[in-house]
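One-based numbering along the sequence shown.
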Amino acid sequence: MKFLVIRFSSIGDIVLTSPVVRCLKQKFPDSEIHFLTKKIFSTIVDSNPYIDKVIYLQNELKNTIDDLRREGYDHVIDLHNNLRTSLIKKALKQVNFHSFDKLNSKKWLYTNFKINLLPHKHIVDRYMATVEKLGVANDQKGLDYFIPDSDVISEKDIPFSHSHGFIAVVIGAAHNTKKLPIAMLTALCEMIRYPIILLGGSEDFFNGERIAKPDNVKVYNSCGKFNLNESADIIRRAKLVITHDTGLMHIAAAFQKDI
């Protein structure tokens with residue numbers, strides 16, 4: 001049997017779909033599982049042992065659809081459920097589709113009128129509901145994140161002052177409304193009596209410098225210095241993770257860190 005799992009973005013959402021892939025492979029161990037996503041998120045899925053092949057979304061959707069037609073899937077697990085996946089569904093007429101319910105109307109009611117009809121159900125369980133009809137159940141083992149050996153950081157990548165343990169503080173986020181102000185992040189780091197590594201992208205570097213300035217021995221600004229997998233390895237090594245609502249937050253959950 002051949003499955004295609006679709007989730008185009010983003011980091012956290014792709015990590016949240018990892019139990020579906022794992023449980024699907026455990027239910028059908030002889031199956032072939034492909035994962036369709038954007039190229040920029042390849043590092044999240046490339047090392048996943050439950051995925052047999054990663055396919056990347058091309059600029060021209062027609063080219064992607066042509067690639068998918070050649071594969072000959074038995075089932076498509078659509079965990080993104082947007083216009084593009086609807087067009088894929090229309091093109092692959094003979095394939096069994098299982099689509100994630102995004103609850104858009106209920107989200108709209110909650111956002112605009114504060115009418116909360118959303119279920120008290122974890123997003124992972126909602127993703128898992130997409131494959132219930134295939135007899136796939138949640139094994140309750142949480143999220144997965146796999147770091148290739150080439151991205152495991154060496155001891156020299158961490159300051160000696162942090163070699164016996166540190167707290168990871170993730171200062172980045174996709175939107176400003178998800179971030180603490182710089183002054184509050186600086187005050188937080190000053191209150192913590194423990195070595196700190198700041199994590200974020202290159203766009204967060206200068207804010208990291210401002211936060212680390214009061215004590216740049218205790219606070220190490222690594223923003224922009226590590227790729228995603230290397231940052232994930234920092235998270236894996238951390239004693240504790242303090243984070244905004246980011247992809248690294250979900251990666252921390254995959255490593256079962258205190259968050």
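- Note on ring orientation: taking the six-membered ring where Trp is involved, the planes of His162 and Phe166 are tilted (angle from 30° to 60°).
- With 3.5 Å as the limit, one finds no donor-acceptor pair spanning the side chains of Asn48 and Asp144.
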Next item on the list: Take Asp139 and Arg22 through the salt bridge (charged side-chain N to carboxylate O under 4.0 Å, His left out) test and state the conclusion after the steps.
Entry: CA-CA 9 Å; Asp139 61 8; Arg22 180 184 67 245; 2.7 Å; yes

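- Remark: Arg84 is positioned above the aromatic ring of Phe8, its terminal NZ or CZ atom under 6.0 angstrom from the ring centre and at most 45 degrees off the axis.
- In this structure, Phe3 and Phe28 have tilted ring planes: the angle between them lies in the 30° to 60° band.
- Cation-pi geometry between Lys25 and Tyr50 is not satisfied (NZ or CZ under 6.0 Å from the ring centre, within 45° of the ring normal).
- At most 12 heavy atoms of other shown residues, nucleotides or ligands fall within 6.0 angstrom of atom NZ in Lys27.
- In terms of heavy atoms, Ser161 sits closest to Pro195 at O-CG, 3.6 Å.
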Notebook entry, point to check: Under the salt bridge (charged side-chain N to carboxylate O under 4.0 Å, His left out) criterion, do Glu71 and Lys2 qualify, and how do the steps go?
Noted result: CA-CA 9 Å; Glu71 292 290 348; Lys2 199 169 187 179; 2.7 Å; yes

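- Aromatic pair His75/Phe97: centroids not less than 6.0 angstrom apart.
- Taking a cutoff of 4.0 Å between a charged side-chain nitrogen and a carboxylate oxygen, Asp245 and Lys178 qualify as a salt bridge.
- Under 4.0 Å is where a charged nitrogen must lie from a carboxylate oxygen, and between Arg70 and Asp66 no such pair does.
- The nearest pair of heavy atoms linking Leu143 to His250 is CD1-O, 3.5 Å.
- Judged purely by atom type and a 3.5 angstrom limit, Lys90 has no side-chain atom pairing as donor or acceptor with the backbone of Thr85.
- Looking at Arg7 and Tyr127, their side chains do bring a donor and an acceptor atom within 3.5 Å of each other.
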